[in-house]
Amino acid sequence: MERAEWDNQTLLMEFLLLRLGDAHELQTPLFLLCLTIYTVTMVRNVLIIVLVVIDPHVHTAMYFFLVNLSSLETCYSSTILPRLLASFLTGDRTISVQGCMAQFFFFGTFATSESYLLATMSYDRYLATCQPLLYASLLNWKVCLQLVTGSWVVRLLISTGIISFICRQTFCGPSAIDHFFCEEAPLLELSCTDITMIRIIIIILSFLDVVFPFLFTLASYVCMIAAILRIPSSMGRHKAFSTCFSHLPMVTVFCETLIILYMLPRTAPLRQLNKMFSFSCSVLRPLTSPLIYSLRNRGIKGAL
């Protein structure tokens, strides 16, 4: 009977997001910082999408993937920052259980869909470098659509599986989530039930979501390096390197940050460090990605 009463209470439970800190004097600067980041991120990504759509000269596979990446970055930022900005304005840091689960689901879906999309973009650059004569036939519009759709479908299935396990948990007090959004590890810390199996499942799926795409990307670039080094002229090698490796640093930072977030011990002294990595991956990286992926791109420059 007591168990049933507790389960009924959990249906109405609200979580308290502790955000980036409780210092009152930092709330206004943090609000202005997040507002600036969100505005610039949205404007840059929407601009890239519009430029690619209206300019027929850039209707190629590479720019198709770039549009999908910009769309992901837009959705990715919108799952976190609007809610965070509203909490800074109103002072209301609570979030319903349903809202928390929805935020976790969409954030996980967009984040790891991006890791698959980055791996797809590295495959695009591999074909352009190592198989230039077959590039158009191997990566036609049908294949591009299948690759992008596949990355979305796989991640939606994985996210649905994870969220179904988490929704079965019973959460007990305190209801405070020591984070600025509903992320898996701080959320599971509030569970009253055994989470060993869920953690094992998440570790396995994390390998598929992060490590596998990163290793695929790394293998693609190793093959590209080998092919570029066989180019006889130094000017040709320099041109190939500048074309193919402009987004490698961002791929490396993105995947390494996600790996650190999953592997970092969840001890109290490291919670602030975990927040910093999360903020870098989920808020700052979408701000810088358009610069790295597009400003060195002659097609985007020409459209501008």
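Atoms considered below: every heavy atom in the structure, side chains included; atoms not considered: hydrogens, waters and symmetry mates.
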Say whether Leu156 and Ile166 are linked into one hydrophobic cluster, either directly or through other cluster members, by side-chain heavy-atom distances under 4.5 angstrom. yes
Nearest-0.5 Å distance, CZ of residue Arg93 to CD1 of residue Ile177: 12.0 Å
With a 4.5 Å limit on heavy-atom distance, are the side chains of Arg44 and Glu73 in contact? no
For a 4.5 angstrom cut-off between non-hydrogen side-chain atoms, does Arg83 reach Phe181? no
Mind checking whether Leu118 and Pro213 have side chains closer than 4.5 Å, heavy atoms only? no
Check the hydrophobic clustering (I, L, V, M, F, W, Y; side-chain heavy atoms under 4.5 Å; chains of links allowed) and say if Val43 and Leu35 are grouped together. no
Criterion side chain to side chain contact (heavy atoms under 4.5 Å, CB included) on Ile162 and Phe105, from CA distance to verdict: CA-CA 8 Å; Ile162 292 176; Phe105 173 80; over 6 Å; no
If we only count heavy atoms from C-beta on, is the Cys75 to Phe106 side-chain gap below 4.5 Å? no
What's the verdict on side-chain hydrogen bond (donor to acceptor under 3.5 Å, both in side chains) for Thr217 and Tyr123, showing C-alpha distance, side-chain angles and the deciding distance? CA-CA 7 Å; Thr217 302; Tyr123 177 65; over 6 Å; no
Kindly indicate, with the supporting measurements, whether the criterion side chain to side chain contact (heavy atoms under 4.5 Å, CB included) is fulfilled by Ser87 and Phe31. CA-CA 9 Å; Ser87 71; Phe31 169 77; over 6 Å; no
Indicate the atoms forming the closest heavy-atom contact of Tyr126 with Ser220, along with that distance. CD1-O, 4.1 Å
Using ring-ring contact (aromatic ring centres under 6.0 Å, His included) as the criterion, list what pairs up with Phe110, not counting sequence neighbours. Trp152
Do Cys100 and Leu187 make a side-chain contact, defined as non-hydrogen atoms from C-beta onward lying under 4.5 Å apart? yes
For a quick check under 3.5 Å, do Ser151 and Ser113 share a side-chain donor-acceptor pair by atom type? no
Residues Gln103 and Ile80: closest non-hydrogen pair is NE2-CA, 4.0 Å
Within a strict 4.5 Å, meaning less than it, do heavy atoms of the Val148 and Thr120 side chains meet? no
Do any side-chain atoms of residues 132-145 form donor-acceptor pairs under 3.5 angstrom with protein atoms, and if so which ones, sequence neighbours left out?
unit_1, atom_1, unit_2, atom_2, d
Tyr135, OH, Asp124, OD1, 2.4
Ser137, OG, Leu134, O, 2.9
Asn140, OD1, Lys142, N, 3.2
Asn140, OD1, Val143, N, 2.9
Asn140, ND2, Ser137, O, 3.3

His59 side chain vs Val52 backbone, donor-acceptor pair below 3.5 Å: yes
Does the Ser164 side chain pair with the main chain of Gly161, one donor and one acceptor, at a distance under 3.5 Å? yes
Value for CG (Asn68) from CE (Met121), rounded to nearest 0.5 Å, stands at 9.5 Å
Given side chain to side chain contact (heavy atoms under 4.5 Å, CB included), test Phe65 with Leu147 step by step and report yes or no. CA-CA 10 Å; Phe65 295 137; Leu147 289 171; 4.2 Å; yes
Ser122 and Tyr221: which non-hydrogen atoms are nearest, and at how many Å? CB-CE1, 3.7 Å
dist Thr79:OG1 -> Leu84:CG (nearest 0.5 Å) comes out at 11.0 Å
Correct closest heavy-atom pair for Leu69 and Glu114 would be CD1-OE2, 3.6 Å
Looking only at heavy atoms, what is the nearest atom pair of Thr36 and Leu32, with distance? OG1-O, 2.8 Å
Side chains of Cys167 and Met101, heavy atoms from C-beta outward: is any pair under 4.5 Å? yes
Same cluster or not: Met42 versus Leu33, using hydrophobic residues (I, L, V, M, F, W, Y) connected whenever any side-chain heavy atoms lie under 4.5 Å apart? yes
Does Tyr76 belong to the same Ile/Leu/Val/Met/Phe/Trp/Tyr cluster as Val46, with side-chain heavy atoms less than 4.5 Å apart forming each link? no
For the residue pair Phe180 and Phe279, categorise the inter-ring angle as parallel (less than 30°), tilted (30 to 60°) or perpendicular (more than 60°). perpendicular
I'd like to check the side-chain hydrogen bond (donor to acceptor under 3.5 Å, both in side chains) partners of Tyr116; sequence neighbours left out, ordered by chain and number. none
Do Met197 and Ile158 belong to the same hydrophobic cluster, where Ile, Leu, Val, Met, Phe, Trp and Tyr are linked whenever their side-chain heavy atoms lie under 4.5 Å apart, directly or via other members? yes
Does Phe165 have Arg168 sitting over its ring (NZ/CZ under 6.0 Å from centre, angle to axis within 45°)? yes
Please report the C-alpha distance between Cys223 and Cys130 in whole Å, then the side-chain angles of each, then the deciding distance to 0.1 Å, and finally whether the disulfide bond (SG atoms under 2.5 Å apart) criterion is met. CA-CA 8 Å; Cys223 294; Cys130 301; over 6 Å; no
Decide yes or no on side chain to side chain contact (heavy atoms under 4.5 Å, CB included) for Phe88 and Cys34, but give the supporting numbers first. CA-CA 10 Å; Phe88 280 130; Cys34 291; 4.3 Å; yes
Do Ser71 and Ile49 touch side chain to side chain, with heavy atoms closer than 4.5 Å? yes
